*Asks:* 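Dumping the structure here so I can ask a few things about it.
Only this structure's heavy atoms are used, side chains among them; waters, hydrogens and symmetry mates stay out. Just so you know, these numbers come straight off a predicted model, no measurement behind them.
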Amino acid sequence: MTMATRSRITDKGVERHIEYQINERSAERPWIGRIAGKVKKSLSLTEPYIFTGTAPPMGPRTAGDKHDEIKQYPFEIKNGDFSTGCVIPGDLIRRGEREEVMKIANQLPTRSIQHWEKLTLEVLENAANNADDGVTITKAHIDGVGFFSEQHPARDDNPNQSNFTDVAVTGSSPANAEEAGTIWRTGIDNLIQMLDDQGEPMNEDASSFTIVIPYTQKHVFWQSMSKEVILSGGQSVDNPVYQYGASEGHSIRLQTSVRMSNSTRFPNLSNAALIFRDDAPGSAVKRQQEYVRPVRYGSGSDWSNDNNQAWKYRIEASRAVGLASWMSCYMVTWS
């Protein structure tokens with residue numbers, strides 16, 4: 001008779017597994033990777049960065065070379081220290097309970113990935129909370145006004161640019177696919193028509209967008225994108241935004257966020273849709289990370305894998321998220 005054998009697990013092996021998962025698994029959720037560009041590895045607690053504007057538009061050539069200075073907007077991202085940990089009973093390791101051990105250990109890399117979404121939405125919530133209404137500048141950003149503002153500067157012969165607006169709905173949230181379609185179509189249309197500080201369209205070649213909405217709104221938004229016939233005023237009508245993206249040659253991704261549904265933690269994003277240009281020269285959000293690493297240490301009088309002992313594992317990270325290119329993001333709220 002052949003006895004089944006269990007593959008050997010060691011406390012150090014679990015640590016190496018966690019480290020492998022951190023490095024080899026996707027370091028972010030796909031939509032975070034599209035909207036939040038990762039900058040170079042930080043070498044210090046605070047890193048300065050420069051966001052450059054756009055090159056001047058082409059015009060009639062004149063004698064001699066003329067080079068307009070590209071406006072530069074410096075900003076800083078300050079790292080914070082974060083960690084998460086779990087305990088694995090030494091007895092599970094001693095008995096080779098690989099499946100149970102990995103169920104526990106794999107939670108740490110997952111939490112590390114989720115953390116990027118938390119940081120990104122928190123910084124966007126702060127920006128939404130400090131949105132400029134066209135009268136008062138509540139919190140200056142890289143171009144002297146807020147990230148979400150109606151006062152982003154343009155050329156003298158053009159009005160100031162805005163990257164947020166409000167759409168009226170019949171209730172406290174979009175009641176149907178028609179209202180949801182109006183929200184995200186308004187955001188994309190306004191984003192494409194933005195002008196740069198030269199008075200030229202800056203997003204006219206945009207072709208890829210991500211729309212982030214509260215999870216509680218996913219049904220009406222999904223219907224607005226996928227249903228050819230929708231209800232309007234109790235009647236079945238053709239969906240005016242059906243295949244809107246395809247007809248314009250656009251790729252549009254809908255992303256839901258459970259966090260944004262929490263009106264207590266995210267009061268300004270719980271009634272908003274965030275539209276990001278995925279293929280923008282500069283991403284709306286920048287992320288940086290100084291380090292991320294697993295840490296293993298024992299518990300009790302000794303570090304043996306006895307029944308009454310346990311191993312503690314922790315992931316430590318120094319990372320941060322900062323706001324960058326306002327012209328790559330548009331916020332549409334509803335009320």
*Asks:* On the six-membered ring of Trp31, is Arg253 placed so that its NZ or CZ lies under 6.0 angstrom from the centre and within 45° of the ring axis?
*Replies:* no
*Asks:* For a side-chain hydrogen bond (donor to acceptor under 3.5 Å, both in side chains) check, start with the C-alpha distance between Ser335 and Asp166, then their side-chain angles and the critical distance, and finish with the verdict.
*Replies:* CA-CA 7 Å; Ser335 60; Asp166 186 79; 2.6 Å; yes
*Asks:* Could you tell me the separation between the CD1 atom of Ile93 and the CG atom of Asp11, rounded to the nearest 0.5 Å?
*Replies:* 5.5 Å
*Asks:* side-chain contact (heavy atoms from CB on, under 4.5 Å) between Cys329 and Phe148: does it pass, once the steps are laid out?
*Replies:* CA-CA 9 Å; Cys329 177; Phe148 292 116; 3.8 Å; yes
*Asks:* Do Leu108 and Met102 sit in the same hydrophobic cluster, where Ile, Leu, Val, Met, Phe, Trp and Tyr count as joined when their side-chain heavy atoms come under 4.5 Å apart?
*Replies:* no
*Asks:* Ion pair present between Arg277 and Asp205, side-chain N to carboxylate O less than 4.0 angstrom?
*Replies:* yes
*Asks:* Counting N and O atoms only, with roles assigned by atom type, does the side chain of Thr110 sit under 3.5 Å from a partner on the main chain of Asn106, one being a donor and the other an acceptor?
*Replies:* yes
*Asks:* Would Tyr330 and Ile188 satisfy side-chain contact (heavy atoms from CB on, under 4.5 Å), going step by step from the backbone distance to the final call?
*Replies:* CA-CA 8 Å; Tyr330 200 97; Ile188 290 179; over 6 Å; no
*Asks:* Is any NZ, NE, NH1 or NH2 atom of the basic residue among Arg98 and Glu100 found under 4.0 Å from an Asp or Glu carboxylate oxygen of the other?
*Replies:* no
*Asks:* Between Arg319 and Asp81 (salt bridge meaning N to carboxylate O under 4.0 Å), is one present in this structure?
*Replies:* no
*Asks:* Answer yes or no: is there an ion pair linking Arg16 with Glu19, defined by an N-O contact shorter than 4.0 Å?
*Replies:* no
*Asks:* Pairing donors with acceptors under 3.5 angstrom, does anything connect the side chains of Asp279 and Ser207?
*Replies:* yes
*Asks:* Atom OG1 of Thr210 and atom CZ of Phe276: how far apart are they, to the nearest 0.5 Å?
*Replies:* 8.5 Å
*Asks:* When you measure from the side chain of Asn163 to the backbone of Phe147, do you find a donor-acceptor pair of N or O atoms at a distance under 3.5 Å?
*Replies:* yes
*Asks:* Go through Gln289 and Ser318 one step at a time and tell me if the side-chain hydrogen bond (donor to acceptor under 3.5 Å, both in side chains) criterion holds.
*Replies:* CA-CA 6 Å; Gln289 179 169 272; Ser318 178; over 6 Å; no
*Asks:* Any side-chain to backbone donor/acceptor pair from Gln217 onto Ile213? Under 3.5 Å, distance only.
*Replies:* no
